[in-house]
Amino acid sequence: MSLDLIPMEDLVDSYFAGAYWGPRKESPEDCARRTSAFLTLLASCDPFLAHWYKPAKSRKDVRKHPLMPPDMPTLAEMFRRGVNREKGGPVFEDLGFSFWFDNGGTSRDCAALRIHCGGYAEAFSNSCFLSLPSQGANAERIFTASVLADVVRSMALAWEPEWVAALSRTHRDLDDKDGKADVWLGWVTYLARHRGSVPPLPAPVRIEPVEDKGTLIILTQERFTVANPDHVALARRVRELLGRAGLMLLISS
């Protein structure tokens with residue numbers, strides 16, 4: 001069903017955070033080093049994000065092989081196994097490496113990481129995607145501006161991406177109906193410094209530097225939800241201002 005046919009107050013938000021960057025040739029060891037730095041930073045954001053495990057064939061075995069504290073040789077080997085290749089064929093080195101794992105939670109109370117790193121093919125997109133729990137006490141604690149800002153900041157520092165967004169899937173689908181956006185505007189967004197200067201933005205938006213790497217944009221201190229028309233209108237206005245400043249594409253409504 002199209003989002004346009006669902007009353008705004010009935011739309012449910014589930015949140016994620018994603019970091020994205022273009023072609024960057026890196027080895028499995030490089031990817032492991034960045035992952036280790038990210039997991040260490042992530043652990044300080046919230047206790048639920050401090051425990052991670054190697055992939056297991058069965059959910060009952062998921063907590064048998066912890067990845068914390070991060071072990072560089074183990075992480076490098078996991079990336080090495082995640083090389084892109086055709087079955088029985090050669091390795092596609094320019095497509096980099098992939099590694100998927102989670103924190104051992106149950107279906108709606110689980111965090112998972114999907115990392116694509118080291119790809120350097122033309123127009124290739126590397127990424128670090130963090131899915132978050134959708135229900136329960138952990139979700140309630142994590143879905144705050146302060147925790148998500150820490151998560152986004154951690155992604156920016158560890159991966160040095162072009163941009164990062166922490167947002168709800170519902171708002172992403174509402175804001176980018178045709179899949180044309182070059183950057184998703186989240187409840188919390190990070191833009192790398194080289195993209196340009198962030199212009200003054202309307203209250204209650206907060207703008208914070210991330211060392212010398214870029215800028216953090218936090219739309220609201222209260223939980224951003226598409227059920228609140230003021231939040232949706234604020235996001236649309238901020239995207240318009242960032243688009244005029246050349247920081248992201250303008251999207252016609």
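Counting from 1, the numbers follow the sequence of the chain as shown.
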I'd like a table of donor-acceptor pairs (distance under 3.5 Å, sequence neighbours excluded) in which one partner is a side-chain atom from residues 46-54, with atom names and distances.
residue : atom : partner : partner atom : Å
Asp46   : OD1  : Arg141  : NE           : 2.7
Asp46   : OD2  : Phe48   : N            : 2.9
Asp46   : OD2  : Arg141  : NE           : 3.4
Asp46   : OD2  : Arg141  : NH2          : 2.8
Trp52   : NE1  : Leu49   : O            : 2.9

With under 30° as parallel and over 60° as perpendicular, where do the rings of Trp163 and Trp184 fit, or are they tilted in between?
perpendicular

The residue among Leu148, Asp109, Asn138 that forms side-chain contact (heavy atoms from CB on, under 4.5 Å) with Leu132 is Leu148

For the residue pair Leu130 and Ala111, what are the closest heavy atoms and their distance?
CD1-CB, 4.4 Å

Give, for atom SG of Cys31 and atom CZ of Arg80, the distance between the pair rounded to the nearest 0.5 Å.
10.5 Å

With a 3.5 Å cut-off and sequence neighbours excluded, list the donor-acceptor pairs that the side chains of residues 112-124 form with protein atoms.
residue : atom : partner : partner atom : Å
His116  : ND1  : Ser98   : OG           : 2.6

Using every non-hydrogen atom in the two residues, find where Ala245 and Ser197 come nearest and quote the distance to one decimal.
CB-O, 4.4 Å

Same hydrophobic cluster for Trp100 and Leu39, using side-chain heavy-atom links shorter than 4.5 Å among ILVMFWY?
no

So which of Leu191, Thr215, Leu241 actually passes side-chain contact (heavy atoms from CB on, under 4.5 Å) with Leu247?
Leu191

Please round to the nearest 0.5 Å and tell me the distance separating atom CZ of Arg236 and atom CG of Asp175.
8.0 Å

Any side-chain heavy-atom pair of Ser125 and Glu162 under 4.5 Å:
no

Any heavy-atom pair between the side chains of Thr40 and Pro70 that's under 4.5 Å?
yes

So OH of Tyr20 and OG of Ser127: to nearest 0.5 Å the spacing works out to 6.0 Å

Are any of the side-chain heavy atoms of Ser36 and Met72 separated by less than 4.5 Å?
yes

Mind listing the closest non-hydrogen atom pair of Glu160 and Arg24 along with its distance?
O-NH2, 2.6 Å

Output, in order, the C-alpha distance, side-chain angles, deciding distance and verdict of side-chain contact (heavy atoms from CB on, under 4.5 Å) for Tyr190 and Arg153.
CA-CA 8 Å; Tyr190 164 83; Arg153 188 179 289 107; over 6 Å; no

Minimum heavy-atom separation for Ala139 and Arg223, please, with both atom names.
O-NH2, 4.4 Å

Among side-chain atoms of Ser27 and Asp30, is any donor-acceptor pair under 3.5 angstrom?
yes

Arg34 and Glu26 ion-paired at < 4.0 Å:
yes

Quick one: does any side-chain atom of Thr189 pair with a main-chain N or O of Leu185 as donor and acceptor, under 3.5 Å?
no

Between Val164 and Trp159, is any pair of side-chain heavy atoms under 4.5 Å apart?
no

If I take atom CG from residue Leu201 and atom CZ from residue Arg237, how far apart are they, to the nearest 0.5 angstrom?
9.5 Å

How long is the gap from CD on Glu77 to CD on Glu29, to the nearest 0.5 Å?
9.5 Å

Taking the side chain from Trp187 and the backbone from Thr220, do they hold a donor-acceptor pair closer than 3.5 Å?
yes

Carefully, step by step, assess Arg244 and Glu240 under the rule side-chain contact (heavy atoms from CB on, under 4.5 Å).
CA-CA 6 Å; Arg244 289 180 179 177; Glu240 179 184 9; 2.6 Å; yes

side-chain contact (heavy atoms from CB on, under 4.5 Å) between Met248 and Asp182, intermediate numbers included:
CA-CA 6 Å; Met248 58 176 62; Asp182 61 333; 3.8 Å; yes

Any donor-acceptor pair under 3.5 Å from Ser154 side chain to Asp150 backbone
yes

Show the nearest heavy-atom pair for residues Leu234 and Leu219, with the distance to one decimal.
CD2-O, 3.5 Å

At their closest point, which heavy atom of Ala149 faces which heavy atom of Ile218, and how far apart are they?
CB-CD1, 4.0 Å

Check: Phe97 ring centroid to Phe99 ring centroid under 6.0 Å
no

Using 0.5 Å steps for rounding, measure from the OG1 atom of Thr225 to the NE2 atom of His171.
10.0 Å

Go through it in stages, so that I can follow the logic: the residues are Asn228 and Glu222, the test is side-chain contact (heavy atoms from CB on, under 4.5 Å), and I'd like the CA-CA distance, side-chain angles, deciding distance and then a yes or no.
CA-CA 11 Å; Asn228 186 327; Glu222 63 183 358; 4.2 Å; yes

